[in-house]
Novice: 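First, the structure itself, so that you have it in front of you.
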Protein chains: 2
Amino acid sequence: MQPSPPTRPALRARYDRRRELVVDTAARVFAERGYDQTSVQELTEAMGLASGGLYHYFESKQHLLIEICDQLMDPLLEQARELLAPDGAPDEQLRALVRLWVAHVVEHRGHMLVFQQERHLIERGDEWRNVRDSRKQFERLVAGVLERVHREDAVLPDDGRLALAALLGMVNHTVQWYRPGGRLTPLDVADGYVDLLLARSAR
Amino acid sequence: MQPSPPTRPALRARYDRRRELVVDTAARVFAERGYDQTSVQELTEAMGLASGGLYHYFESKQHLLIEICDQLMDPLLEQARELLAPDGAPDEQLRALVRLWVAHVVEHRGHMLVFQQERHLIERGDEWRNVRDSRKQFERLVAGVLERVHREDAVLPDDGRLALAALLGMVNHTVQWYRPGGRLTPLDVADGYVDLLLARSAR
DNA sequence: TCGAACTTCGAACGACCATTCGGTAGAGTC
DNA sequence: GACTCTACCGAATGGTCGTTCGAAGTTCGA
């Protein structure tokens, strides 16, 4: 049976906070040890709960995993849409989008690593449709911006399709090496990527 | 107890061929369903063996996984070393290296996906030292070439460190989208990546 | 202060799974 | 043709794990 938040509004905030803690902790632990290799025991211990306590917030271990992915993709997609809503110069839109994206990825390191590790799960099964769709939608947004850059400047390799793959690769891979507090800020990284793509245009 | 190949030389070739089949099949199935989510039953079924048969070739399921990663990294590292042994123009060496690398990744799709999925395993534990070292060595080779390109042309963003991360991201991500028989050959892809990195230099 | 709603506990359960091992059939060797 | 090495089988085993559920403790609202 799937759990539901408390009906009394006064308790809602605490419930939500607690649930967030569960998700964030799980993202970190799953990223470190792997989803399957983390038992519910270990997981709940890391949150200060007993094993049964998890099921107060989530129907199952898998639903927790889905929530991690949703909390990664949904806000990113929404913010990207807001960013691209007003018209603007394509290359400036591209830069703003990549900045947002890199910052998001860096701030959700655990979520992102889990998302990548469990790619094979995400690509099958009905429960994963929302995650799949969100990713697809986001990639479409990026592709759209790249196409506009290409149409305006004609500087991207290959009509932009290889550029899309390259950009996805660079940004998603960031989480594997980037550590906050290092020499580069997320902004530096994002601009570095964009500069690579736009290097052939006049700057 | 770890299994050993037959002592009689006449039987060795067949044993090796069979063992290769096990590794390649496992790479494909693990990539598709995930390592932990594939039972030894399912796995051996896909090879035409009964569950116990696996242990004729591998000590454990985990040792099979290690072998998959070794068979991915070791030949790549060796070929890369051969390629870089003779002196040559840095940007030509870079191009040749990326061509080799992309081709290898595309030809070992399953191995590569498994390698990425099980990153968290690879980063801990003594059994994984060889895999870790191979990857490290390979990344050092790439970094070395990039440094030489940078020293000669001074065109890479950020002394080449961000360029290294970008290149690793692009190439490793290739396995997520590239399908043989499509519009692009592995060569096109590799050259596309290199052109992105070298775009600011005279071409 | 009382009762209802909420939160957590943790032992128990049933399912699954990696690995073992005694057995078998066939291929190679003399 | 007998003996040995090789390849594989597949039921049995021991252990682990996700999930359940009744009870206990806590917080809130009246």
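As a basis for the values below, the full set of heavy atoms in this structure was taken, side chains included, without hydrogen atoms, waters or symmetry mates. Lettering follows sequence order; numbering is per chain, from 1.
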Novice: Could you check how far OH of A:Tyr57 sits from C1' of C:dC9, rounded to whole Å?
Specialist: 13 Å

Novice: May I ask you to say whether B:Asp195 pairs ionically with B:Arg95, meaning some side-chain N is under 4.0 Å from a carboxylate O?
Specialist: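 Yes, this pair counts.
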
Novice: Start with the C-alpha distance between B:Gln93 and B:Val149, add both sets of side-chain angles, then the distance that settles side-chain contact (heavy atoms from CB on, under 4.5 Å), and finish with yes or no.
Specialist: CA-CA 9 Å; B:Gln93 284 200 330; B:Val149 170; over 6 Å; no

Novice: Find the distance B:Glu59:CD to C:dA18:C1' and express it as a whole number of Å.
Specialist: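 Distance check: B:Glu59 CD to C:dA18 C1' gives 13 Å.
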
Novice: Taking C-beta and beyond as the side chain, do A:Val194 and A:Arg99 meet within less than 4.5 Å on heavy atoms?
Specialist: no

Novice: Listed in order of residue number, which residues of residues 26-50 of chain B have a non-hydrogen atom at under 4.0 Å from DNA chain D?
Specialist: B:Gly48, B:Leu49, B:Ala50

Novice: Looking at A:Glu42 and A:Ser39, would you say the former's side chain and the latter's main chain have a donor-acceptor pair under 3.5 Å?
Specialist: yes

Novice: Count the heavy atoms of every other residue, nucleotide or ligand shown that sit under 6.0 Å from CZ of B:Arg179, and state whether that count exceeds 12.
Specialist: yes

Novice: Whole Å only: how far is the NE2 atom of A:His56 from the P atom of D:dA23?
Specialist: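 Spelled out: NE2 on A:His56 to P on D:dA23 is 19 Å.
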
Novice: More 5' along DNA chain C: A:Ser51 or A:Pro6, using each one's nearest nucleotide?
Specialist: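 It is A:Pro6 whose nearest nucleotide is closer to the 5' end.
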
Novice: Report yes if a side-chain nitrogen or oxygen of B:Arg18 is closer than 4.0 Å to either non-bridging phosphate oxygen (OP1 or OP2) of D:dC8; otherwise report no.
Specialist: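 Yes.
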
Novice: When you check the phosphate oxygens OP1 and OP2 of D:dT6, does a side-chain N or O of B:Thr7 lie under 4.0 Å from one of them?
Specialist: yes

Novice: Mind checking whether A:Gln62 and A:Tyr35 have side chains closer than 4.5 Å, heavy atoms only?
Specialist: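 The answer is yes; the side chains approach within 4.5 Å.
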
Novice: Is any side-chain nitrogen or oxygen of B:Tyr55 closer than 4.0 Å to OP1 or OP2 of C:dC21?
Specialist: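 Negative; the distance criterion is not met.
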
Novice: Take the protein atom CZ of A:Phe58 and the nucleotide atom P of C:dT7, then report the distance between them rounded to whole Å.
Specialist: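 Spelled out: CZ on A:Phe58 to P on C:dT7 is 14 Å.
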
Novice: Which atom pairs link the protein and nucleotides 25-30 of chain C when you take only N or O atoms and keep those under 3.5 Å?
Specialist:
from   : atom 1 : to     : atom 2 : distance (Å)
C:dG28 : O4'    : B:Arg8 : NH1    : 3.4

Novice: For the backbone of B:Val23 and the side chain of B:Tyr57, can you confirm whether one donor and one acceptor N or O come within less than 3.5 Å of each other?
Specialist: no

Novice: Between B:Asp16 and B:Arg19, does any side-chain N to carboxylate O distance fall below 4.0 Å?
Specialist: no

Novice: Expressed as a whole number of angstroms, how long is the span from A:Gln2:CD to D:dT20:P?
Specialist: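 Value for this atom pair: 12 Å.
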
